[in-house]
Amino acid sequence: MNCGSKIYLLFLVVITACDSTLEDLEKLDSFPVISLKLDLERDSIKISDKVGTKVYQINFTISGEGAESLTIGTSTNSLGVFSSIQKREEEGTVYSVSYTPNAEGWHELKIKAKDRFKRIEEVSFALFAFENLPPKGLLAIEKLPDTNFQEYLFDASKSYDMDEKYGGLIRFYRFFIGNNEITLEESELKFVFPQNIPAAKIGLQVMDNDGSWSERVEEEINF
């Protein structure tokens, strides 16, 4: 082999090495970036036995190249169980993981992606787990248009369960009228007062489908 051939081969080796280095440098600028497919960075879940599911699903995507590993975990104070990370092939880089909280309170979840250069990209998501939120009693009082009787309509239809989003609802309405206590499944009650009383105290409590009663609200009627 003459000198010209040796120089040519050396030149090819140098060019090839440079191309490989440039490729690696380009990949350095394309490290994995995780973005959760959620509008909020936190959410909540009801873990009552009355609820059919206690599993929260997190969807996230990875953009960029070179992600070699994915890990997911919680802070030391969070008690719960993760499913394995699932890749939804039909959507490319979309992943999902399910988390089942085993205790009430805040759970801090962490997702990490590591690239081949050992760099780590991490995002956090906060999940609040609760067993039940109490209902809220709201009472409207209306005197019915009859001059012969002191008849009133008590309407509790605006009452609501504060965890209605998670399947909560009102089961019973308890009306307190003077010394009377009346519990109904219906939200309205008509009541006729005697003519000889100057005033009456009216109260309301409502019970949700977890068996929790609201705080008692009270009003007074003056005749």
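In what follows, every heavy atom counts, from backbone to side chain, and hydrogens, waters and symmetry copies are set aside.
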Asker: Begin from the C-alpha positions of Asp208 and Leu169 and carry the test side-chain contact (heavy atoms from CB on, under 4.5 Å) through to its verdict.
Answerer: CA-CA 5 Å; Asp208 66 12; Leu169 50 85; over 6 Å; no

Asker: Applying side chain to side chain contact (heavy atoms under 4.5 Å, CB included), can you list everything that pairs with Ser96, at least two apart in sequence or on another chain?
Answerer: Gln57, Asn59, Gln86, Arg88

Asker: Under 4.5 Å between side-chain heavy atoms, hopping through other hydrophobics if needed: is there a path connecting Leu204 to Leu184?
Answerer: yes

Asker: Looking only at non-hydrogen atoms, find the nearest pair between Ile47 and Lys54 and report the distance.
Answerer: O-CE, 3.4 Å

Asker: Is the number of heavy atoms from other residues, nucleotides or ligands within 6.0 Å of CG (Asn180) greater than 12?
Answerer: yes

Asker: Any sub-3.5 Å donor-acceptor pair from Asp210's side-chain atoms to Ser212's backbone N or O?
Answerer: no

Asker: So, for Ala200 and Ile197, which heavy atoms are closest and what is the spacing to 0.1 Å?
Answerer: CB-CD1, 4.4 Å

Asker: Quick one: are Glu185 and Arg171 in side-chain contact, heavy atoms under 4.5 Å?
Answerer: no

Asker: Please report the shortest heavy-atom distance between Pro101 and Ile45, naming the atom on each side.
Answerer: CG-CG2, 3.9 Å

Asker: Are Phe125 and Tyr56 an aromatic pair, judged by ring center distance below 6.0 Å?
Answerer: yes

Asker: Is it true that Val81 and Val97 fall in one hydrophobic cluster, defined by side-chain heavy atoms closer than 4.5 Å?
Answerer: no

Asker: Who are the side chain to side chain contact (heavy atoms under 4.5 Å, CB included) partners of Ile120, not counting sequence neighbours?
Answerer: Lys112, Lys114

Asker: Verify, without hydrogens or angle tests, whether Glu142 (side chain) and Phe154 (backbone) share a donor-acceptor contact under 3.5 angstrom.
Answerer: no

Asker: Let's go through Phe193 and Ile177 carefully: what are the C-alpha distance in whole Å and the side-chain angles of both, what is the deciding distance for side-chain contact (heavy atoms from CB on, under 4.5 Å) to 0.1 Å, and is it a yes or a no?
Answerer: CA-CA 9 Å; Phe193 291 92; Ile177 305 174; 3.4 Å; yes

Asker: Are any non-hydrogen side-chain atoms of Glu122 and Ile111 less than 4.5 angstrom apart?
Answerer: no

Asker: Report the C-alpha separation of Phe130 and Tyr166 in whole Å, then their side-chain angles, then the decisive distance to 0.1 Å, and conclude whether the ring-ring contact (aromatic ring centres under 6.0 Å, His included) test is met.
Answerer: CA-CA 11 Å; Phe130 65 93; Tyr166 306 94; 5.3 Å; yes

Asker: Is it the case that the side chains of Ser48 and Asn132 hold a donor-acceptor pair, with the cut-off being a distance below 3.5 Å and no angle test?
Answerer: no

Asker: Applying side-chain hydrogen bond (donor to acceptor under 3.5 Å, both in side chains), which residue pairs with at least one partner in residues 151-163 are found, sequence neighbours left out?
Answerer: Lys46-Asp163, Asp155-Ser157

Asker: What heavy-atom pair brings Ser98 and Val55 nearest, and what distance separates the two atoms?
Answerer: CB-CG1, 3.5 Å

Asker: Please report, to 0.1 Å, the donor-acceptor pairs under 3.5 Å made by any side chain of residues 214-223, with sequence neighbours excluded.
Answerer:
{"unit_1": "Ser214", "atom_1": "OG", "unit_2": "Val206", "atom_2": "N", "d": "3.0"}
{"unit_1": "Arg216", "atom_1": "NE", "unit_2": "Glu218", "atom_2": "OE2", "d": "3.1"}
{"unit_1": "Arg216", "atom_1": "NH2", "unit_2": "Glu218", "atom_2": "OE2", "d": "3.3"}

Asker: What are the two closest heavy atoms between Ile170 and Pro135, and how far apart are they?
Answerer: CD1-CB, 3.6 Å

Asker: Mind checking what makes ring pair (Phe, Tyr, Trp, His ring centres under 6.0 Å) contact with Tyr99, not counting sequence neighbours?
Answerer: Phe82, His107

Asker: Measuring from atom CD1 of Ile72 to atom OG1 of Thr74, what distance do you get when rounded to the nearest 0.5 angstrom?
Answerer: 9.5 Å

Asker: Quick check: does any side chain N or O of Gln205 sit under 3.5 Å from a backbone N or O of Phe175, one acting as donor and the other as acceptor?
Answerer: no

Asker: Hey, is Glu108 close enough to Lys110 for a salt bridge, meaning N to O under 4.0 Å?
Answerer: yes

Asker: Which atom names give the shortest non-hydrogen contact between Glu131 and Glu104, and what distance separates them?
Answerer: N-OE2, 3.0 Å

Asker: State, yes or no, whether a side-chain contact exists between Leu127 and Arg42 at a heavy-atom distance under 4.5 Å.
Answerer: no

Asker: Got a sec, which hydrophobics cluster with Trp213, joining ILVMFWY side chains under 4.5 Å apart, including via others?
Answerer: Phe172, Met207

Asker: When clusters are formed by joining ILVMFWY residues with side-chain heavy atoms under 4.5 Å apart, either directly or through shared neighbours, do Ile85 and Leu109 land in the same one?
Answerer: yes

Asker: Just do the side-chain contact (heavy atoms from CB on, under 4.5 Å) check on Ile141 and Ile202 with the steps written out, would you?
Answerer: CA-CA 9 Å; Ile141 300 175; Ile202 312 300; 4.2 Å; yes

Asker: Does Glu164 have more than 12 heavy atoms from other residues, nucleotides or ligands lying within 6.0 Å of its CD?
Answerer: no

